[in-house]
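In what follows, chains carry the letters A, B, and so on, assigned in the order in which the sequence lines appear, proteins first and then strands, with residues in each chain numbered from 1.
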Number of protein chains: 2
Amino acid sequence: MAKKARSVQRREESLSRESIIEASIELLDSSGEGGLTFRTLSERLATGPGALYWHIANKSDLLTAACDAIVARTMEAIPPCAKPKANLRALALGMFDAIDEHPWVGSALAQAPGEMPMVRILERLGQQVRALGAEDDTQWAAVGALLNYILGVGGRNAANGQLARERGLDRSDFLEAVAAAWSQLDPREYPFTRSVAGQVRDHDDRMEFLAGIDLILRGIERGIESPRRR
Amino acid sequence: MAKKARSVQRREESLSRESIIEASIELLDSSGEGGLTFRTLSERLATGPGALYWHIANKSDLLTAACDAIVARTMEAIPPCAKPKANLRALALGMFDAIDEHPWVGSALAQAPGEMPMVRILERLGQQVRALGAEDDTQWAAVGALLNYILGVGGRNAANGQLARERGLDRSDFLEAVAAAWSQLDPREYPFTRSVAGQVRDHDDRMEFLAGIDLILRGIERGIESPRRR
DNA sequence: ACCTGAACACCGTTCAAGT
DNA sequence: ACCTGAACACCGTTCAAGT
């Protein structure tokens, strides 16, 4: 019962932007978007909330920086490949998996348009679409379609994860609840939604995501084959 | 200087879910996402914050309901047309315009996966994709691609509008700032992003959005023409 | 230069008390 | 049944004061 340990553990290393971001990622991963708070964060770093402001501008800056760290790692981890199409698929899947592992990245990405994390993705997509042979005036539409699709899926996955967490369910239980609600819609007004309710229940998110990417890639290829009518 | 007017105006009609949602939409339109507060809302409705809870479950419920009101109106306003492809384009453009007019709808939509507002869009998209002649097993991918693309663009437009508002800029000034930041990136690391910086400045968002939709539609058509290899 | 932590100006939500 | 408004338990952010 020696009392030599201090009641509040003091930090050994001095605070830094990197250590703050790292702690934020841990917090976001373990407790979701609502888990990142200047108070919990400063507690975990054994300091006061005000100290954080010496290293980061504000909460939005912090969230974007945490998101960027994940995106940068994800981009680095994607094995390079000679074929642009395979590259694009790997890129998209890499982002899908990253958001699956860190759902908060999906919404952080959406909240920081034009910022670094989005630029990293944009750049990689753009280079590969170029390599695919798209003409200058169609590149932008192709990259935009891929980027927005990825962001759309990411945002939705983030929201699914967030809602499931709030209600104390896991992802599949949550999707089960959605499917149940859909199958009780009025069949005259919502025939399509009702008919796909079953698919929501037991589909493979990842494969479905990839099917969408392939569909967009088909559209891009077709645009390249028959370039423009005049 | 008569004092017969009460200092706080009292409401004439009793509170209702509809009137609360209507007032929320006005507040969101005029002051952005941060403008919707139980205090400002109850002030505007000449009541106390607690009263609102008799009619709505919580803030997320309120936001989704406000979003659903806009989406429902948007769906109703789209003129029906015999050609599924034209219908899909009109549907997508309708949502684009709705989010352009009410940027908060973009993020509210993303936050309510599987809820009514999203189901309305899903259903309309699904019916038209079916009419296009897609087989059962490819319908879901096609609808998913369109829906996620629309959600992705919507989310990004919402974020653009929100950030511009926070910084007191209008949309084009904000995009100008993004373009300026992009054109100062390292040309060796970010050649693509730099090369499209100019396009960000003076592109037409709406037309670009439509180009993406057309690209996806091409991919869907191609999938229909050469269904599946075996 | 960097950190501390109390204080400020907010939030969403609850709930006893009223009508 | 519906409304009131004070109170609760939080937020992000600031800033005088410390080292």
Heavy-atom protein contacts under 4.0 Å, nucleotides 12-19 of chain C, coded B base, S sugar-phosphate only, - none: BBBB----
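- Under the side chain to side chain contact (heavy atoms under 4.5 Å, CB included) criterion, B:Q162 pairs with B:E33, B:E166, not counting sequence neighbours.
- Between the CG atom of B:L62 and the C1' atom of C:dC11 there is a distance of 15 Å, rounded to whole Å.
- Every residue meeting the side chain to side chain contact (heavy atoms under 4.5 Å, CB included) condition with B:A23, not counting sequence neighbours, appears here in chain and number order: B:L41, B:L45.
- Here side-chain hydrogen bond (donor to acceptor under 3.5 Å, both in side chains) pairs that include residues 179-189 of chain A, with residues two or more places apart or in two chains, number zero.
- For the salt bridge (Lys or Arg N to Asp or Glu O under 4.0 Å) condition, the pairs that include at least one residue of residues 54-72 of chain A, sequence neighbours left out, are A:R17-A:D61, A:D68-A:R120.
- Shown for residues 102-116 of chain A: no residue has heavy atoms falling under 4.0 angstrom of DNA chain C.
- Distance alone, capped at 3.5 Å, places no donor-acceptor pair between the B:T37 side chain and the B:T40 backbone.
- A:F209 meets the ring pair (Phe, Tyr, Trp, His ring centres under 6.0 Å) test with A:F96, A:Y149; sequence neighbours excluded.
- Rounded to whole angstrom, the span from the CD atom of B:E33 across to the P atom of C:dC10 amounts to 20 Å.
- For residues 91-118 of chain A, every residue pair satisfying the salt bridge (Lys or Arg N to Asp or Glu O under 4.0 Å) rule, not counting sequence neighbours, is listed here: A:D97-A:R206.
- At the phosphate of D:dC2, OP1 or OP2 sits under 4.0 Å from a side-chain N or O atom of B:W54.
- If A:S16 and B:G34 are placed on DNA chain C by their nearest nucleotide, the residue sitting closer to the 5' end is A:S16.
- Identified under the salt bridge (Lys or Arg N to Asp or Glu O under 4.0 Å) test for residues 139-157 of chain A, with sequence neighbours left out: none.
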For DNA chain D, the dot-bracket pattern of Watson-Crick and G-U pairs whose distances stay under 3.5 Å, | for other-strand partners: ||.|||||...|||||.||
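- Separating the CD1 atom of B:I56 from the P atom of D:dC3 is a distance of 12 Å, rounded to the nearest angstrom.
- Shown for residues 17-30 of chain B: no residue has heavy atoms falling under 4.0 angstrom of DNA chain C.
- What separates CD of A:E43 from C1' of C:dG5 is a distance of 13 Å, to the nearest Å.
- The side chain to side chain contact (heavy atoms under 4.5 Å, CB included) test applied to A:Q111 returns A:L63, A:S107, not counting sequence neighbours.
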